[in-house]
Amino acid sequence: MKKIAVVGSINIDQTITSERIPLKGETLPGRNLRYIPGGKGANQAVAMAKLGAQVEMFGCVGDDENGRKMIENLANNNVETHNIKIVSDIPTGIAIITVGENDNTIIVLEGANGQVTRAYIDSIKDTLFTYDMVVLQHEIPLDTVHYIVELCAEHNIPTLLNPAPAAEVPMETIEKVTYLTPNEHEAVLIFGKDRSTEDLLKAYPEKLIITQGSRGVSVGLANGEVLNVPARKAEVVDTTGAGDTLNGAFCVKIIEGSSIAEALEYANAAASLSIGKFGAQSGMPTAEELAKALEETK
Ligand code: RIB
């Protein structure tokens, strides 16, 4: 069975629900304060494992209760964790999330995720090179992300970079990465606002995948066409982690040998199911749940 590695963030999410997201300077009453597993890296690893993939998580947590709980959660979801580094004197990453009106705001305290350095990568790279695909996001130092893309390209290991949260991506990294999956805002930051989405997708066929929220997800195909997979109708409880589910599910299908179109169809359906439950990880579907949902819409 092919194996996928995620090198990324591991956070505990402190979530609070309100009738809507507060405006600047506004105070609103909240309800349901929760502490639940999160972090874009960990979320993507869990999304893939729930869909039956063999996954290892690489990253750092603090030597604290949150860190231990987050590792335990990954392990409970069948994600391999033994190369996660526990660092002293720096807390596990925390995300402060407000959920309201079908949307959210997130502030991330980097914590131990900042220790995912080139030195850490050098310490695990021999293991990393045994993987069939490496998945990255922007919640660890960007220098490390670009370093991993370069190393993987040298070793012919396909990579997916989900450039979230938004930050610039060097042209060299764009060239070397196999899949780049920004949302529309991230795409503007990376490529500038002068180029249309269609133009960009045609310029990077089968590499650039742009997610467009309720309008679905688009990719340029090798034959020059642009494929849009429309979003599926779904009951929205919490959109946190929908992008992570989409990225994870996409990798699971790609690694199995599916076409980009098939993988995006599957990923889109997985993301739509994930928003039906509260929290980044709890709504992520299993392979059986997703197969059933796809069958029902046929
Ligand atoms: O993508 C959702 C994730 O972003 C949350 O789980 C939170 O930890 C932040 O990293």
Side-chain angles (χ1 to χ4, degrees), residues 6-17 21 32-50 57-62 64 66-67 69-74 76-77 79 84 90-100 102-116 135-142 144-145 160-167 181-186 209 211-213 217 236-251 267-268 270-285:
V6 179
V7 187
S9 56
I10 303 167
N11 294 335
I12 181 155
D13 289 354
Q14 179 194 289
T15 66
I16 188 153
T17 309
I21 292 163
N32 298 337
L33 178 65
R34 296 178 232 212
Y35 293 88
I36 51 178
K40 295 185 194 299
N43 292 344
Q44 293 181 19
V46 168
M48 294 189 269
K50 278 190 152 185
M57 178 80 212
F58 295 86
C60 296
V61 295
D64 49 31
N66 287 342
K69 279 191 181 160
M70 294 308 102
I71 290 179
E72 192 183 316
N73 170 67
L74 285 162
N76 288 342
N77 279 290
V79 175
I84 294 175
I90 303 175
T92 298
I94 300 182
I96 314 287
I97 304 181
T98 314
V99 178
N102 297 348
D103 214 335
N104 64 27
T105 59
I106 307 181
I107 297 177
V108 180
L109 195 71
E110 177 186 55
N113 297 309
Q115 300 307 301
V116 184
V135 179
L136 302 155
Q137 313 76 27
H138 272 174
E139 275 185 341
I140 55 171
L142 297 181
T144 310
V145 171
L160 177 142
L161 171 56
N162 171 220
T181 62
N183 63 24
E184 288 169 296
H185 307 290
E186 290 151 2
I209 294 165
T211 57
Q212 296 156 305
V217 54
V236 185
V237 175
D238 180 3
T239 56
T240 313
D244 298 329
T245 309
L246 185 136
N247 278 279
F250 174 77
C251 294
N268 211 26
S272 72
L273 289 180
S274 77
I275 61 181
K277 285 192 191 149
F278 194 86
Q281 295 178 12
S282 47
M284 289 172 174

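All ligand and atom numbering here is 1-based and tracks the order in the structure.
No more than 12 heavy-atom neighbours from other residues, nucleotides or ligands sit within 6.0 angstrom of CD1 on Ile107.
Asn268 meets the side-chain hydrogen bond (donor to acceptor under 3.5 Å, both in side chains) test with no other residue; sequence neighbours excluded. Residues passing the salt bridge (charged side-chain N to carboxylate O under 4.0 Å, His left out) test with Glu72, sequence neighbours excluded: none. Under the salt bridge (charged side-chain N to carboxylate O under 4.0 Å, His left out) criterion, Lys69 pairs with Glu65, sequence neighbours left out.
Atom SG in Cys60 sits 7.5 Å away from atom CG in Asn113 (nearest 0.5 Å).
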Report every pair formed by an N or O atom of ligand 1 and a protein N or O atom separated by less than 3.5 Å, giving atom names and the distance to 0.1 Å.
{"from": "ligand 1", "atom 1": "1 (O)", "to": "Lys40", "atom 2": "NZ", "distance (Å)": "2.9"}
{"from": "ligand 1", "atom 1": "1 (O)", "to": "Asp244", "atom 2": "OD2", "distance (Å)": "2.7"}
{"from": "ligand 1", "atom 1": "4 (O)", "to": "Lys40", "atom 2": "NZ", "distance (Å)": "3.2"}
{"from": "ligand 1", "atom 1": "6 (O)", "to": "Asp13", "atom 2": "OD1", "distance (Å)": "3.4"}
{"from": "ligand 1", "atom 1": "6 (O)", "to": "Asp13", "atom 2": "OD2", "distance (Å)": "2.6"}
{"from": "ligand 1", "atom 1": "6 (O)", "to": "Gly39", "atom 2": "N", "distance (Å)": "3.1"}
{"from": "ligand 1", "atom 1": "6 (O)", "to": "Asn43", "atom 2": "ND2", "distance (Å)": "2.9"}
{"from": "ligand 1", "atom 1": "8 (O)", "to": "Asn11", "atom 2": "ND2", "distance (Å)": "3.1"}
{"from": "ligand 1", "atom 1": "8 (O)", "to": "Asp13", "atom 2": "OD1", "distance (Å)": "2.6"}
{"from": "ligand 1", "atom 1": "8 (O)", "to": "Gly39", "atom 2": "N", "distance (Å)": "2.8"}
{"from": "ligand 1", "atom 1": "10 (O)", "to": "Asn11", "atom 2": "ND2", "distance (Å)": "3.1"}
{"from": "ligand 1", "atom 1": "10 (O)", "to": "Glu139", "atom 2": "OE1", "distance (Å)": "2.9"}
{"from": "ligand 1", "atom 1": "10 (O)", "to": "Glu139", "atom 2": "OE2", "distance (Å)": "2.5"}

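With hydrogens and angles disregarded, a donor-acceptor distance shorter than 3.5 Å links the side chain of Asp238 to the backbone of Thr240.
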